[in-house]
Protein chains: 2
Amino acid sequence: MTEFGFIDYIANLFAHIPTNDFEGIGDDCAILPLENGESLVFTADLLTEQVHFLRHATSAYEIGRKSLAVNLSDVAAMGVRPIATLLSIALPSDLPKGWAKEFMEGYHSLSDEFSVALIGGDTTRSDSGITINVTAIGRGSSANIKRRSDAQSGDVIFVTGELGASGSGLQDLLARKFDTPQAVAHRNPQPQVTEGIWLGAHREVHAMMDLSDGLASDLRHILRRSKVGAEINTELIPIAEGSDLQTALCGGEDYKLLFTVDPFTADPLIRNFHSHFGTPIYPIGRITEGNKLQWLRNGSPIETDWQGFTHF
Amino acid sequence: MTEFGFIDYIANLFAHIPTNDFEGIGDDCAILPLENGESLVFTADLLTEQVHFLRHATSAYEIGRKSLAVNLSDVAAMGVRPIATLLSIALPSDLPKGWAKEFMEGYHSLSDEFSVALIGGDTTRSDSGITINVTAIGRGSSANIKRRSDAQSGDVIFVTGELGASGSGLQDLLARKFDTPQAVAHRNPQPQVTEGIWLGAHREVHAMMDLSDGLASDLRHILRRSKVGAEINTELIPIAEGSDLQTALCGGEDYKLLFTVDPFTADPLIRNFHSHFGTPIYPIGRITEGNKLQWLRNGSPIETDWQGFTHF
């Protein structure tokens, strides 16, 4: 069973249990509307040694920072502010003295940057590798929440930054090249918290999600949930320095935002974003009717079997 | 550094970050008061293979059920109703086919029993053992929330059931006696969700928590946070069949509730609880001034070095 097959199995198994007001599985976060016009959002990510990070290739500080970053990115992708996390860590007894403290310093530095409280969690012993679970909670106006299911035919598709650095960095790490700029980028993702909140407040932004498994995989979630297709102009993909088109589309963990915008307001949004953040957003294609993801090169269809990273 | 020393270190490291309205680390759950007179509560527990369960001694169904049970117990200990969970699981590739589905069936059975929604989580590969993290969310009237910090001198101390079965069952499992009633109890804890909600609605119940590490350890949290002491009448401890006093006090994972009650309303509460649930609550001692935990046998002090289970 694939990862997404298993998630569908779980969703079906639980379908008859009351939702208790939650909008659950299927987006970057689950959503709980409150009575005051706000909503809370919830997400969890589990990181395991060897699969998500290599102890010899990543400092404890970086692992602490990254384990939070990937969750803050999910909250930002909903268009709201992260307010708190719960952190669970299982630590083997053979860790160097000070590892846990250095991990917490990394976790703390990013918590501090975005004023995210640490409200609970669990610490325990592991008989095998390091395992980390972070649950993040976000809060914001219900009107600002962005879902994967709200893309509309004709929308312009944007990403908030260059893609592929993390994927190329992972290739470098696996080749034991630890100090390339791409390897450093892979170990130190910066969640676009401020950008996500800003985009959340803009009504012309329709669907949004974060890029964790790679555009070629992640975009399909928006298409499936919005019941639309897309054309992507591959020559418009902003490829990070030292990376390449396939890695930019299929490598994971860039943690940029992917979103769709009403076509009549796309140009002003480009200008507003740039004047607010000093960085561009990149139009890369268009939402279409139907359900097909079509890659284009200079306007002509190209056939590929691009997929993103899968965890199983 | 001990488990609780590390938690103190973390709490200090994060002390300067805004709480964002949460009442955080230090109780069974963190608390978020809402504007409508309700509060949400949050807790997380991480279970790792070998440390929290033995794959050869516990079925996938039981592990699924237990990983939820320990979290529902924490929510119940706050006096409110569990409404949702996020489940993260890391699974090694050598698991028997069907293990993940059987795990989910166990998780589902207990979710269904208490109408708890599954709203998200993460599934990933593990290069070592099975790891499970559950984050549980509860909701109820803010007036019903029970904290560890609200015990008052003179309160009668109660537990909601017999103690020691789980601890004796763990000893059986480690001796490869898998089918004793105690071993079955250890693998199948029943969280006292209905009892916790009922006690939450009673104003005469002051402090409450669940018994996860053993009374000798857990009670100290109430004493420390309430700045009180206690006298425990060891002859009043309800010892589960097949267990003994030391295991009842120092063994973990019974998941009964420990709570303190205004002495003038203790007798009617005993009667009300019994008429509502058909089972007794057990008075085992009294909260005192000072900060000492004193064990008594037939009224006379006894000296022991009883401690509960620690995870480091």
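Chain A is the first sequence line, chain B the second, and so forth, proteins listed ahead of strands; every chain is numbered from 1.
The side-chain heavy atoms of A:L34 and B:L34, taken from C-beta on, include a pair separated by under 4.5 Å.
Interface remark: B:D21 contributes side-chain atoms only to the contact with chain A (heavy atom separation under 4.5 Å). Heavy atoms closer than 4.5 Å to chain A are found in both the backbone and the side chain of B:I89. For B:E49, the part sitting under 4.5 Å from any heavy atom of chain A is the backbone (N, CA, C, O) and nothing else. Proximity to chain A involves both the backbone and the side chain of B:S115, based on heavy atoms less than 4.5 angstrom apart. Both the backbone and the side chain of A:S111 come within less than 4.5 Å of a heavy atom in chain B. Both the backbone and the side chain of A:L118 come within less than 4.5 Å of a heavy atom in chain B. Residue contact with chain A, scored on non-hydrogen atoms closer than 4.5 Å, involves the side chain of B:L32 exclusively. For a residue to count as touching a neighbouring chain, one of its non-hydrogen atoms must lie under 4.5 Å from one of that chain's; by this rule B:L40 touches chain A with the side chain only.
Put simply, of B:S93, B:G24, B:G120, the one with the most heavy-atom pairs under 4.5 Å next to chain A is B:G24. Counting heavy-atom pairs closer than 4.5 Å to chain B, the top-ranked of the candidates A:D112, A:V116, A:L87 is A:D112. Of all the listed residues (B:H108, B:M104, B:Q50), the one sharing the greatest number of non-hydrogen pairs under 4.5 Å with chain A is B:H108.
The minimum heavy-atom distance between A:V51 and B:R125, with the atom names listed, is CG2-O, 3.3 Å. Pairing each heavy atom of B:Y9 with each of A:E105, the nearest pair is OH-OE2, 3.7 Å. Considering every non-hydrogen atom in both A:I83 and B:F22, the closest pair reads CD1-CE1, 3.4 Å. Taking every heavy atom of both residues into account, B:N20 and A:R81 meet most closely at OD1-NH2, 3.5 Å. Closest approach of A:T48 to B:T124, counting heavy atoms only: CG2-CG2, 4.3 Å.
One distance of note links CZ of A:F42 with CD1 of B:I137; it measures 4.0 Å at 0.5 Å rounding. Here the OG1 atom belonging to B:T43 is positioned 7.5 Å from the CG atom belonging to A:L86, to the nearest 0.5 angstrom.
Checking A:T123, A:I132, A:D122 one by one against B:L46, the side-chain contact (heavy atoms from CB on, under 4.5 Å) holds for a single residue, A:D122. None of A:D45, A:T131, A:N133 except one satisfies the side chain to side chain donor-acceptor pair (under 3.5 Å) rule with B:S88; the exception is A:N133.
Heavy-atom proximity under 4.5 angstrom to chain B picks out A:I10, A:L13, A:F14, A:H16, A:I17, A:P18 from residues 10-18 of chain A.
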